[in-house]
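Please read the structure below before turning to the comments.
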Amino acid sequence: MRVAFFASEMIPYIKTGGLADVIGSLPRALIHNVDQIDVFIPYYREIERQKLPLSTNSFEFKIKIGSRSYKGTTFELKTDYQNLRVFFVDNYHFFRRRSELYVKDGRDYHDNLARFIFFCRGALKTTEYLSSMKPYDVFHMHDWQTALVGIYTELSRFHQKNPPTRIFTIHNLAYQGKFPRSQFRLLNLDSSYYHFLEFWGKLSMMKAGIIFSDLITTVSPTYAQEIQTKRFGAGLEELIKQNKSKLYGILNGVDYSIWNPENDPYIPSTYSINDLSGKLQCKNELQQRYSLTENPEIPILGVVSRLAWQKGMELVLKVISQLLGENRVQFVLLGTGDHNLEQKFHELGNLFPSQTGISLTYNDSLAHQIEAGADIFLMPSRYEPCGLNDKYSLRYGTIPIAFKTGGLSDSIIDYSSNSNKGTGFLFSSYDEGDFRDAIERALKVFQSKQKWVELVQRAMRQDFSWENAAKKYLNLYQKQKR
Ligand code: ADP
Ligand code: GLC
């Protein structure tokens, strides 16, 4: 079986969020059961700077966007795995000239539609070269940036004997790729396609992905249910309901070769379920790093997050300032995003300098150090398709406190409802009071050493490895095509 992945991020090359983690890890979980996986991502400036050992094989093409033609090249990178290749789709103007992936100064690039038309069509052109000998069986698209692969293969598939099964994975329904309808001409599609893309007077790439795919998946079973409701459906709930016979919820896995406190190279001291002393050392180093009072008895509450509406950071600001005012906790945050939120966290840091560590940057190793050094991880997301940080936290024995939604409710067992099985603390009405209550419940258990250690060890025993999810994807890959 030959599979092509289309995505806009992938570790270790480029990452803004969990999508990159999934695209870096899922193919590796699949390679033992498929013949070949080719992953296509854009060739961003950040990737060029890494001076990767690209193969001399490259593919040239021209793409027409509206009335203009753009030249492109796809570069190939061989990986450590014989049957896994990464292809970078390049155009200087669209990808290498920009410092950020999707936005500049908080605003989307004005030509994002053109950029991702170019990417999808350039990647597809490359698959044509690559499949002249052996066709692909599966085209696996991820999020709106790659949804157009579905529509651009729609016509050709009727002439093909065994066209690839198109799987569209929704990592976040709320980011839809919406553009003014005046940009329809950029797509160079027959006008009969317009109504498939039209969404409240605009164009929605997400809608196209849902329609022009044979199967849809999303990244947790609960989110698969939630997106069929008005509250979580971002206006697409009716369309999703109509397509629910092809919708599956598959919980993301965790790559324990990267996120494992037993051999994590980023943390000051490794540790395991049976020997937690390294965790205390990590906590102490975190306290030193931010010049906090070095005291193991004071709980550290941590956050690593995009600072976006989705993540519920206003709740954190409100409740944490109360707890800091009462001098009961320390608080550490690593995040970037919304400028207003960045400003507020900066002010919080100034207000409580000896109790807080605020890093408004993107920093991979610090993300690991916070996962290891904090006692509690806060994730009051308003919605969360899957969420990876909660699962990383569990493995690091850093107890998650989260809103009961999406993939968070599929992976955290609430301790207060079941103290023999609980692995974290969930709150279920989205308000300050309920969030604070969940934190209070956690702090109470933290006071009792023995109970806390039992909870930490149980959390660390949870297993979210990719094998499970990979099997489910394989089943779908093998499903009968339309
Ligand atoms: P989302 O994809 O919605 O942002 P996830 O929980 O699925 O949420 O994944 C977030 C990923 O991004 C995690 O791997 C997390 O460690 C990482 N991350 C988020 N913000 C930062 C940051 N400022 N520095 C380093 N890593 C970050
Ligand atoms: C999105 C979601 C997040 C999920 C990630 C990977 O960014 O917001 O919940 O974990 O994709 O699927």
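Atoms within each ligand, like the ligands themselves, are counted from 1 in listed order. Because the structure is predicted, anything quoted here is derived from the model rather than measured. Because only heavy atoms are used, hydrogens play no part in the values below, and waters and symmetry mates are left out as well, while side chains stay in.
Taking atom 9 (O) of ligand 2 as the reference point, the nearest protein heavy-atom neighbour is Glu384 OE2, 2.5 Å. Summary of contacts: the protein heavy atom closest to atom 2 (C) of ligand 2 is His171 O, 3.2 Å. For atom 11 (C) of ligand 1, the closest non-hydrogen atom of the protein is Gly18 N, 3.6 Å. Summary of contacts: the protein heavy atom closest to atom 12 (O) of ligand 1 is Lys15 CE, 3.6 Å. Among protein heavy atoms, atom 27 (C) of ligand 1 sits closest to Tyr362 CE1, 3.5 Å.
Near Gly387, the atoms of ligand 1 lying under 4.0 angstrom from a non-hydrogen atom of the residue are 6 (O), 7 (O). Close contacts of ligand 1 with Lys311, meaning ligand atoms under 4.0 Å from a residue heavy atom, involve 1 (P), 3 (O), 4 (O), 8 (O). The ligand atoms of ligand 1 that sit less than 4.0 angstrom from a heavy atom of Val304 are 16 (O), 18 (N), 21 (C), 27 (C). Residue-ligand proximity, Asn172 to ligand 2, at heavy-atom distances under 4.0 Å covers atoms 8 (O). The contact set between ligand 1 and Gly335, taken as ligand atoms under 4.0 Å from a residue heavy atom, comprises 23 (N).
The nearest non-hydrogen atom to atom 23 (N) of ligand 1, considering only Leu388, Thr361, Asn389, Asn363, comes from Thr361. Looking at Val219, Leu173, Thr16, Asn252 and measuring to atom 6 (C) of ligand 2, the nearest heavy atom belongs to Asn252.
At a 3.5 angstrom cut-off on N or O pairs, Val22 does not count as close to ligand 2. In terms of polar-atom proximity, defined here as any N/O pair under 3.5 Å, Thr16 makes no such contact with ligand 1. Between Gln310 and ligand 2, at least one pair of N/O atoms sits closer than 3.5 Å. When only interatomic distances are considered, the shortest N/O to N/O separation between Gly17 and ligand 1 does not fall below 3.5 Å. Any N or O atom pair closer than 3.5 Å counts here, and Arg306 shares at least one such pair with ligand 1.
A ring-centre distance under 6.0 Å is not found for Phe232 and Tyr223. Residues Tyr415 and Phe425 place their aromatic rings such that the two centres sit under 6.0 Å apart. You'll find the ring centres of His140 and Phe168 outside the 6.0 Å limit. Between Phe427 and Phe403, a ring centre-to-centre spacing shorter than 6.0 Å is recorded. In this structure, the ring of Phe94 has its center less than 6.0 angstrom from the ring center of Phe118. A ring-centre distance under 6.0 Å is not found for Phe377 and Tyr392. Taking the ring centroids of His142 and Phe6, they lie at or beyond the 6.0 Å cut-off. Under the 6.0 Å cut-off for aromatic ring centres, Trp466 and Tyr256 do not qualify, their centroids lying 6.0 Å or more apart.
At least one donor-acceptor pair closer than 3.5 Å links the side chain of Thr218 to the backbone N or O of Ile170. Of the possible donor and acceptor atoms, none in the side chain of Asp255 sits under 3.5 Å from a partner among the backbone N and O of Asp21. No donor-acceptor pair under 3.5 Å is formed between the side chain of Glu371 and the backbone N or O of Thr398.
Using a 4.5 Å heavy-atom threshold, the side chains of Leu203 and Pro180 count as separate.
At a 4.0 Å heavy-atom cut-off, ligand 1 does not touch His171 at all. With a 4.0 Å heavy-atom cut-off, ligand 1 is reached by the backbone of Ser305 but not by any atom from C-beta on.
Proximity of Gly387 to ligand 2 is established by a heavy-atom distance of less than 4.0 Å.
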